[in-house]
There are 2 protein chains.
Amino acid sequence: MDWVSHAQAELRGAGYRPGAAARLVLEHLDREDCCRGAQEIFDALSTGGTKVGLASVYRMLERLDERGLVQRIDLGDGIVRYEAARDAGHHHHLVCGACGKVEPFADRRLERAIEAVEERSGYSVVAHDVVLRGACANCRD
Amino acid sequence: MDWVSHAQAELRGAGYRPGAAARLVLEHLDREDCCRGAQEIFDALSTGGTKVGLASVYRMLERLDERGLVQRIDLGDGIVRYEAARDAGHHHHLVCGACGKVEPFADRRLERAIEAVEERSGYSVVAHDVVLRGACANCRD
DNA sequence: TGGTCGACGATAACGATTCTCGTTATCGTC
DNA sequence: GACGATAACGAGAATCGTTATCGTCGACCA
């Protein structure tokens, strides 16, 4: 089952009734390969000719986040980004402070270290974020 | 040399002329053991009877962050927090989504894993943040 | 001591996000 | 297939953390 259908089913199971706006947001997230902000999604859908309210985009993202269907990413620039959460694609982000570029990275050893901390913490951890900031290969020197 | 004097000297060296407001903010940060938001610092200083403008608090935090004198912490709730950066005290945060409690933790293995990623990344990494979200021992059940 | 220039504080402006509310779509039921 | 309850939707206002502006005050240098 593809992610869009899975997310819709999940929402329905939670008592929601996803409609046209929900579908458009889900399909957009499914199409994108990296994290996107609410305004960015709104602009893309608007430019694409489809008509979705900004409030609906925020509503969807909030609900998807609550259910763990998207990963919420805060790079510290005041814009919260989201991306479709598929188990296979768990990763974190490198941010270039000079040009603003965002790149994903994944590391098994880092994940294991985090899991070990989670176990020792006494918390029931549901999510973890790692952001590395610096200058990318082009901007450093 | 204590952190307040060190920070003041650093600012002076950068061409700034720290005055009364700067000193009050620095002393407050030095006194606090965990991360604080700008409004929170402003309120604390106001309640304490001292008079500092909110803009001055933001100005100070920005300058301190630029120079690496404070660690900027974004827990994803729309409030940016800061804490005095002392080499000895490098740590990350556990956030309880239910009661809002924030606890620091430190882990050598996690740091080593992050350093390894930094080296392989091609980036010149200047900072890294790790935030674990979940339910604390009291709120889980 | 006077002059220059940045620090300071009050307040307006800004922008991402959230709220409100009237309208429209969905879904179980008949 | 129509009905009614209720949630989704879109537009715009409101919220709130943060940033910019500006006149005044204080720190430092000659």
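In what follows, every chain begins at residue 1, and chains take the letters A, B, ... in the order their sequences are listed.
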Check: protein-nucleotides 28-30 of chain C nitrogen or oxygen pairs below 3.5 Å:
none

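For the contact set between residues 34-50 of chain A and DNA chain D, defined by any heavy atom under 4.0 Å, there are no members.
Using a 4.5 Å heavy-atom threshold, the side chains of Leu110(B) and Leu110(A) count as touching. In this structure, Arg109(A) and Arg109(B) have side chains that are not in contact, with every pair of non-hydrogen atoms separated by 4.5 Å or more. With a 4.5 Å cut-off on side-chain heavy atoms, Glu83(A) and His91(A) count as touching.
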key: Contact pattern, 5' to 3', of nucleotides 19-30 of chain D - B, S or - by protein heavy atom under 4.0 Å   = BB-----BBS--

inquiry  = Evaluate Phe105(B) against Ser121(A) for side chain to side chain contact (heavy atoms under 4.5 Å, CB included), listing each step before the verdict.
reply    = CA-CA 8 Å; Phe105(B) 73 86; Ser121(A) 69; over 6 Å; no

request  = Mind running ring pair (Phe, Tyr, Trp, His ring centres under 6.0 Å) on His128(B) and His92(A) for me, showing each step along the way?
outcome  = CA-CA 11 Å; His128(B) 62 253; His92(A) 298 290; over 10 Å; no

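A straight line from CZ of Arg81(A) to C1' of dT17(C) spans 14 Å, rounded to a whole angstrom. Rounded to whole Å, the distance from CZ on Arg23(A) to P on dC9(D) is 11 Å. Summarising the geometry, the separation between CD1 on Ile79(B) and C1' on dT17(C) is reported as 13 Å, rounded to the nearest angstrom. Between Leu61(B) atom CG and dC8(C) atom P there is a gap of 12 Å when expressed in whole angstrom units. Distance CE (Met60(B)) to P (dG9(C)): 11 Å, rounded to an integer number of Å.
Criterion: ILVMFWY side-chain heavy atoms under 4.5 Å apart, direct or through other members. Under it, Val130(A) and Val125(B) are part of a common hydrophobic cluster.
Salt-bridge check for Asp43(A) with Arg36(A): failed, with every basic side-chain N at 4.0 Å or more from each acidic carboxylate O. Ion pairing between Arg86(A) and Asp30(A) holds under the 4.0 Å rule for side-chain N and carboxylate O.
Here the side chain of Arg67(B) pairs no donor or acceptor atom with the backbone of Ala14(B) at under 3.5 angstrom. Formation of a donor-acceptor pair under 3.5 Å by the Arg72(A) side chain with backbone atoms of Gly76(B) is found in this model. Looking only at distances, no side-chain donor or acceptor of Glu118(B) sits under 3.5 Å from a matching main-chain atom of Glu115(B). Looking at Arg81(B), its side chain never comes within 3.5 Å of a backbone N or O of Gln71(B) through a donor-acceptor pair.
Contact annotation: Lys51(A) side-chain N/O to dA11(D) OP1/OP2 distance is under 4.0 Å. Under 4.0 angstrom from either OP1 or OP2 of dG10(D) there lies at least one side-chain N or O belonging to Ser56(A).
The hydrophobic cluster containing Val80(B), built from Ile/Leu/Val/Met/Phe/Trp/Tyr side-chain heavy atoms closer than 4.5 Å, also comprises Trp3(B), Val4(B), Leu11(B), Tyr16(B), Leu24(B), Val25(B), Leu26(B), Leu29(B), Ile41(B), Phe42(B), Leu45(B), Val52(B), Leu54(B), Val57(B), Tyr58(B), Met60(B), Leu61(B), Leu64(B), Leu69(B), Val70(B), Tyr82(B).
Identified under the side-chain hydrogen bond (donor to acceptor under 3.5 Å, both in side chains) test for residues 6-15 of chain B, with sequence neighbours left out: none.
Arg63(A) comes within contact range of the sugar-phosphate backbone alone, with a heavy-atom separation under 4.0 Å but no base atom that close.
Nearer to the 5' terminus of DNA chain D, by closest-nucleotide assignment, is the contact made by Ala22(A) (compared with the other of Ala22(A) and Val80(B)).
Rounded to 10 degrees, the angle separating the terminal helix axes of the helix from dT1(C)-dA30(D) to dC30(C)-dG1(D), each built from five base pairs, is 30°.
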